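Single-structure report; data block below.
None of the values given here were measured: they were computed from a predicted structure. Excluded from the calculations below are hydrogen atoms, water molecules and symmetry mates; all remaining heavy atoms, backbone and side chain alike, are included.
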Amino acid sequence: METWSVEQVCSWLVEKNLGELVHRFQEEEVSGAALLALNDRMVQQLVKKIGHQAVLMDLIKKYKQNTQGLKSPENPKEAALVMQTEAARERNVKHILARSKALQWTKSYVLPEFPYDVKCMLAEQKCPDHSMRIRIIEFLQADMTKYLEGSLYPSTQQYNDVVNALLQAHPFLDEDGCGFFLWKRALKDRFKYVRRPIEDDEQVIRNKCKFGHRRGQKRKSLADIRFDEIKLVQIKEEAVCFDSELDEHIKWFQQEYVKTEKDWREIDKRMSQTLEIRRKMIGSQTPLKDILKLFPFLKCPYQIFREFQLLTRTDIYKKTRHILESYSENILTSFSVVDNPINILLQEKMKHYTDEDMLKYMKLTATCLLLPDVFGDDPSLFVIMNEQVQVSTPVLEVKNPFNMEVCEFSLYLERERLTKVDDCVTALAALVAAFHVFGIECPRRLSQTFNFLETLIFDMHSPYFPSLKEKEKEVGFQLPVT
């Protein structure tokens with residue numbers, strides 16, 4: 001025991017049903033020699049529970065008593081048995097520690113101990129070259145596998161945790177604000193590379209079969225293997241080229257975004273070129289703040305509408321204006337909103353104006369604000385007036401709704417202002433588009449309003465409406481065919 005490492009001491013604790021003490025012993029770096037040197041006071045400081053203190057002290061006492069008269073085995077067979085026992089203990093250490101770390105994953109992820117040259121580079125805050133990046137990724141992948149008890153399939157959240165831990169510890173690795181996406185993609189590619197040649201792991205085989213790999217396929221010939229190697233090199237070269245091209249786009253976006261005079265034609269072109277990778281990022285649940293950092297023009301209503309059109313081939317602004325204009329009179333005269341404070345305020349404001357454009361603007365604004373009330377949904381998930389935004393899903397904030405000169409609509413996402421517009425049509429279109437563009441599920445308490453809007457926007461019959469006649473009876477007005 002005197003020569004045991006910290007890991008061997010932890011293994012011994014688990015064997016003695018004292019696994020709860022492993023984390024504490026790791027923190028204090030209690031080796032075998034340190035364990036035998038513990039006195040009563042040290043044990044009390046190290047172990048909180050009295051029961052554990054008593055058991056630990058008893059085990060140490062018995063070990064010392066047994067070793068006082070113990071002699072090294074003279075019988076070669078006995079010596080070999082002792083060596084085998086120690087070897088078995090060594091093999092078991094890594095598994096026990098991996099299990100202990102896996103149980104702690106939900107609390108926090110701790111970066112591994114990098115090699116000396118990597119630590120020097122990180123300490124000097126030098127930008128890593130390609131080979132150094134690979135070394136860092138290899139160590140992260142190996143450490144994650146230990147945390148996951150040998151699994152080669154981390155979850156999206158686990159990828160996010162590891163990359164966040166890396167960038168928080170070494171912020172200079174977050175190059176131009178693009179680091180999260182680049183490191184996460186490199187880490188995922190490393191796991192794919194490790195899984196590719198594996199043929200005897202049940203989980204890997206099961207997932208390969210699930211995603212199109214044939215089980216029991218014939219071994220490839222040398223010629224086929226050589227061909228695959230050449231093809232793999234070509235793919236890697238294309239990937240490197242793609243990475244550099246994406247980096248160039250991202251840097252250009254960030255520089256162009258702060259300019260007063262923007263080249264919108266070039267912006268449209270580059271946003272189209274990066275659409276595929278942007279959709280993959282959103283699909284893999286990359287944090288919204290990182291997506292907006294890479295593609296800041298998604299904060300602009302025009303680009304949100306354009307992205308929506310690229311995805312759905314629908315002009316959402318045009319559709320939204322048509323909906324509000326078509327349904328304005330019916331909604332404002334619906335019995336469900338007659339006594340609504342917004343409708344009452346509208347009627348009062350309209351008495352002071354005769355200009356048709358102004359009256360139309362006010363009616364469209366009121367129609368927009370009253371939509372969730374008409375369909376029995378929660379208005380606080382749709383629009384906020386004179387209150388602080390509390391919801392994380394897309395929501396509108398409105399100030400001075402019936403004053404054309406100072407009216408202000410803001411679209412909020414994750415409690416942060418995404419963009420500001422001047423009229424209700426743009427605001428409503430941006431709200432609907434945001435759910436689609438950023439892949440956000442509509443709140444259940446807002447579903448009827450969005451079913452209504454999307455049914456008309458996409459010219460379809462919503463499965464959530466059993467019949468238009470029933471809905472007409474419910475809201476108190478006829479739904480015209482558009």
Side-chain angles (χ1 to χ4, degrees), residues 316-353 356-387 389-391 393-404 406-412 421-435 442-457 462 464-465 468 470-482:
I316 190 168
Y317 179 85
K318 181 179 179 181
K319 288 280 188 177
T320 302
R321 171 169 286 278
H322 179 70
I323 292 170
L324 292 179
E325 290 177 346
S326 300
Y327 287 85
S328 180
E329 292 298 329
N330 288 335
I331 288 177
L332 295 178
T333 56
S334 171
F335 68 87
S336 59
V337 298
V338 170
D339 297 326
N340 190 287
I342 294 176
N343 202 2
I344 294 174
L345 179 61
L346 170 67
Q347 302 304 325
E348 288 294 326
K349 290 287 185 180
M350 289 178 63
K351 294 177 182 179
H352 302 87
Y353 295 94
E356 291 186 3
D357 291 337
M358 185 61 184
L359 293 175
K360 180 180 179 180
Y361 169 84
M362 295 170 66
K363 288 181 178 180
L364 292 183
T365 300
T367 302
C368 173
L369 301 179
L370 290 171
L371 277 174
D373 293 283
V374 170
F375 290 97
D377 283 335
D378 186 351
S380 66
L381 298 176
F382 188 82
V383 62
I384 303 295
M385 296 180 63
N386 304 320
E387 294 181 13
V389 174
Q390 299 290 344
V391 297
T393 53
V395 67
L396 296 177
E397 181 194 49
V398 185
K399 296 179 181 179
N400 306 308
F402 300 118
N403 190 329
M404 184 181 293
V406 294
C407 181
E408 181 181 299
F409 286 81
S410 297
L411 174 62
Y412 276 74
V421 297
D422 298 326
D423 66 281
C424 65
V425 176
T426 305
L428 180 58
L431 177 66
V432 176
F435 280 95
C442 175
R444 182 175 55 85
R445 290 180 295 161
L446 206 57
S447 59
Q448 291 298 318
T449 303
F450 270 76
N451 289 336
F452 167 74
L453 292 170
E454 291 176 353
T455 298
L456 299 175
I457 289 171
S462 172
Y464 297 97
F465 288 156
L468 288 178
E470 292 181 13
K471 181 54 62 177
E472 289 167 2
K473 293 179 181 179
E474 181 180 334
V475 301
F477 60 82
Q478 184 178 4
L479 299 177
V481 179
T482 57

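Among Val398, Leu428, Ile342, Leu371, the single residue meeting the side chain to side chain contact (heavy atoms under 4.5 Å, CB included) criterion with Val383 is Val398. The only member of Val391, Leu396, Thr393, Val395 that meets side chain to side chain contact (heavy atoms under 4.5 Å, CB included) when paired with Tyr412 is Val395. In summary, of the residues considered (Val425, Thr320, Thr367, Leu364), a side chain to side chain contact (heavy atoms under 4.5 Å, CB included) with Glu325 occurs for Leu364 alone.
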Task: Step-by-step side chain to side chain contact (heavy atoms under 4.5 Å, CB included) determination, Ser328 to Leu324 - done: CA-CA 6 Å; Ser328 180; Leu324 292 179; 5.9 Å; no
*asked:* The test is side chain to side chain contact (heavy atoms under 4.5 Å, CB included); show your working for Asp423 and Phe409 and say whether it passes.
replied: CA-CA 7 Å; Asp423 66 281; Phe409 286 81; 5.7 Å; no
message: The test is side chain to side chain contact (heavy atoms under 4.5 Å, CB included); show your working for Asn400 and Glu408 and say whether it passes.
response: CA-CA 7 Å; Asn400 306 308; Glu408 181 181 299; over 6 Å; no
message = Walk me through whether Lys363 and Glu329 qualify under side chain to side chain contact (heavy atoms under 4.5 Å, CB included).
response = CA-CA 8 Å; Lys363 288 181 178 180; Glu329 292 298 329; 3.2 Å; yes
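Side-chain contact between Gln448 and Asn451: present, with at least one pair of heavy atoms (C-beta onward) separated by less than 4.5 Å. Inter-residue side-chain proximity for Met385 and Pro401 is flagged as met; some heavy-atom pair is nearer than 4.5 Å. No side-chain heavy atom of Pro443 sits less than 4.5 Å from a side-chain heavy atom of Phe382.
The CE atom of Met362 lies 13.0 Å from the CG atom of Asp357; values are rounded to the nearest 0.5 Å. Rounding to the nearest 0.5 Å places CD of Glu397 at 10.5 Å from CG of Leu411. Here OG1 of Thr426 is found 7.5 Å from CZ of Arg321. Values are rounded to the nearest 0.5 Å. If you take SG on Cys424 and OH on Tyr361, they are separated by 6.5 Å, rounding to the nearest 0.5 Å. Between atom CG of residue Leu346 and atom NZ of residue Lys351 there is a gap of 11.0 Å, rounded to the nearest 0.5 Å. Between the SG atom of Cys368 and the CD1 atom of Ile331 there is a distance of 9.5 Å, given to the nearest 0.5 Å.
Summarising the local packing, CG of Asp378 is surrounded by more than 12 heavy atoms from other residues, nucleotides or ligands at distances under 6.0 Å.
Ring pair Tyr327/Phe452: centre-to-centre distance below 6.0 Å.
Put simply, the side chain of Asn343 gets close to the backbone of Leu332: a donor and an acceptor are under 3.5 Å apart.
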